[in-house]
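Whatever order the structure lists ligands and atoms in, that order sets their numbers, starting from 1. Note that the numbering runs from 1 along the sequence shown for the chain.
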Amino acid sequence: MKNVLVIGAGTMGHGIAEVCAIAGYNVTIVDIKDEFLEKAVKKIGWSLKKLESKKKIKENAEDVLKRIKTTTNLEEAAKEADFVIEAVIEDTDVKKDIFKRLDENCKEGVIFSTNTSTIPITDISSATRRPESVIGLHFFNPPTLIKLVEIIRGERTSDETVEKTKEFAKTIGMDYVLVEKDVPGFLVNRINLRVFTEAIRMVEEGFKPEEIDSAVKYRLGLPMGILEVVDFSGVDIVFYVTHEMMKRGVNVKPSKLVEEMIKEGRLGMKSGRGFYEHKGVYHRVKIPRNLAYRVNPVRILAPAINEASWLLRNGIATREDIDKAMVLGMGYPKGLLEMADDFGIDMVVETLEARAKETGLDEYSPDPLLVEMVEAKKLGKKSGEGFYTWNYEQVDFGPVRYEKRHNYALITMRRPDKLNSLNEEMWTGLNQAFKKAEEDKDVRAVLITGEGKAFCAGDDISVMGSWKKFTDGRDFFEKVALPLVATLMEYTKPTISLVNGYAFGGGMELNLLFDIVIASEKASFAVPEGLIGAMPPIASTIGVAMLGRKFIKYCLTGDQLDPEEAEELGFVDVVVPHDQLEMAGIEYVEKVSRLAPLSVKAIKESVNAVRKTFTEALELSKREIVMLIPTSDFAEGMMAFVKKKRPVWKGY
Ligand code: NAI
């Protein structure tokens, strides 16, 4: 196979021709006018020069360009062709006419591929007497950069044609995904339709484009925001593609906003205005990072995951190809179905059901595959199996649940009726769970949270109330509490706390030993130990050292901090809506997992060294608290707390 015929010298045709020539094929480009061909060759020349200067091609630009011929005579060009790629305007009649002429002029065994985005391959193939040789070969713009093609099997495409097309794709340096049925939008555009539609609907509901795109870029890690992509592709193109897919039976309600935007000439980048204002073509809008938690990213992707499930269930594409397509075609940092496994399939289904209820649209009905997965407890990383199988382990250390979820561990304090307060079993269970996570090579970071409305309400008052002599308290600290503190002070993996509710006393203080603290909007913090005749040993040492003078006030008053105040003080890193807490934690696992494990270890050792410089102060405060135990103030404090009364201090 030597000669490739590319028909259509426009946006796609010239790029496809360039890719084929770079791969060593002789390429003939056909168009209807010489001026279109001249323009295309100029563009290819310019692009090749750029690739040459960046050393992205092995030969020099002139040698590659020499392999490209142009003509307006389709019949003549067809006679020499070994492989045909049609990339003319998206018009069924024009395409069918071309395929008929190809059929009349091409040799036996030549493959006729079409780059159509919306026209059924089977329909185009009906213009020929050899529909078995007709196939979809869908490139992405620009083909020189996006190294993926969708290979689409028409109803009558032969296996041999599919195999030869796969081989051809490889020879031009393209990775491919196979779309087994000629469904509208194939794979990528079908999924994109759902993502674009949801993002546009969110704008219709009053979210700002920046809020949506901030979540997409900075949390999901996509290279561009969804509405940025819509502006880049053209609002009119999205309208056109949506309507073409609707015409072919895809269940989607079109957007009124898009129609209005087109009427106003807000077509996106090309007209200077779309969802954003654009100062010239290729101008990148600035998306602020601090808006990233205004929307739930699961909502943006749930309809797309639903669509992907439909493709999978109907045998149209494999899970691997669905994921590969979104990674290579759209620059997703990981596959869509892998993301679904991160979110939790139950969460995806809940989101879809909520949207179906809110909108009354059955396009949100969860696909039977998703429903089945939830019923079978195939929930993703959190249960060890979802679209993929993950390393999973669950161990209960008393009231502490340890779960290994593939590359991270989730530790959950589970005494919700006692607000997860720290009794002996809780301290010991936490220490065992953290140690287990430290030893597991798969675990890159540890998340910790509490069940119910508290993260952890501090030391268990009934335990403290039972201390009569200072040795009771001392023994408890030394044998039960301090081993966990020591483990955390030596910990070499990142610890990420998800503060779901109250974090009081010891529950707040533990957070001073964690590396990243994410708080739900429902969280509240306080170190009220002084109010019960005790004192906060970690807060009044490491806390004051790390957070500064302002923190003394909270130790001395027991005043509560809401999550925003805690964030301002530097105690909390980020405050997120309650339903996004776990998700936000998982996103941070992803972030820290991007660092080299040895770098993370080195950073942690250094941070630990800083924490350990306060060991002496911590020792002192431990002695102080132990000395408080036999005092009458402590006895009074305990009593008052149990009776919910104001204590009467004797003191001094
Ligand atoms: P375009 O409008 O830039 O180029 C189409 C070219 O076809 C023009 O140069 C036109 O003169 C030529 N043409 C029209 N009738 C012809 C004929 N009878 N014989 C030979 N040439 C003829 O269009 P674009 O964007 O390159 O799209 C081409 C095809 O690729 C369409 O089917 C489109 O759906 C598909 N596609 C487009 C993508 C894009 O991002 N633009 C991405 C993937 C697929």
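With a 4.0 Å cut-off on non-hydrogen atoms, Val94 touches ligand 1 through its side chain and not its backbone. By the criterion of a heavy-atom distance under 4.0 Å, neither the backbone nor the side chain of Phe140 is placed next to ligand 1. When non-hydrogen atoms are compared, ligand 1 lies under 4.0 Å from the side chain of Asn141 (C-beta onward) but not from its backbone. Under 4.0 angstrom from ligand 1, there are no non-hydrogen atoms of Ile119.
Taking every heavy atom of Asn115 and a limit of under 4.0 angstrom, the matching atoms of ligand 1 come to 30 (O), 35 (C), 36 (N), 43 (C), 44 (C). Atoms of ligand 1 found under 4.0 Å from any heavy atom of Ile89 (numbered from 1 in listed order, with element): 2 (O), 5 (C), 7 (O), 14 (C). With ligand atoms numbered from 1 in the order given, ligand 1 contributes 32 (O) to contacts under 4.0 Å with heavy atoms of Thr116. Per-residue contacts place Ile98 under 4.0 angstrom from the following atoms of ligand 1 (heavy atoms of the residue considered): 17 (C), 18 (N), 19 (N). Which parts of ligand 1 touch Ala87 is read off a 4.0 Å heavy-atom cut-off, strictly below it: atoms 5 (C), 28 (C), 29 (C). The ligand atoms of ligand 1 that sit less than 4.0 angstrom from a heavy atom of Phe36 are 11 (O).
Polar contact with ligand 1: present for Met12 (N/O pair, distance under 3.5 Å).
Residue contacts with ligand 1: Lys95 is included, with a non-hydrogen atom under 4.0 Å away.
Using a 4.0 Å cut-off between charged side-chain N and carboxylate O, Glu104 and Arg101 make no salt bridge. The pair Lys55-Glu52 does not count as a salt bridge, with every side-chain nitrogen at least 4.0 angstrom from each carboxylate oxygen. A salt bridge is absent between Lys164 and Glu167; no separation between the charged side-chain nitrogens and carboxylate oxygens falls under 4.0 Å. With respect to Glu307 and Arg194, a salt bridge is recorded, a charged nitrogen being found less than 4.0 Å from a carboxylate O. With salt bridges taken as basic N to acidic carboxylate O contacts below 4.0 Å, none links Lys324 and Glu150.
Geometrically, Lys378 does not engage Tyr388 in a cation-pi contact defined by less than 6.0 Å to the ring centre and at most 45° from the axis.
When atom types are taken as modelled, the side chain of Glu205 and the backbone of Met202 share no donor-acceptor pair closer than 3.5 angstrom.
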With side chain to side chain contact (heavy atoms under 4.5 Å, CB included) as the test, would you mind laying out the steps for Thr165 and Phe83 before giving the verdict? CA-CA 9 Å; Thr165 307; Phe83 195 100; 4.2 Å; yes

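Ranking protein heavy atoms by distance to atom 4 (O) of ligand 1, first place goes to Gly10 CA, 3.2 Å.
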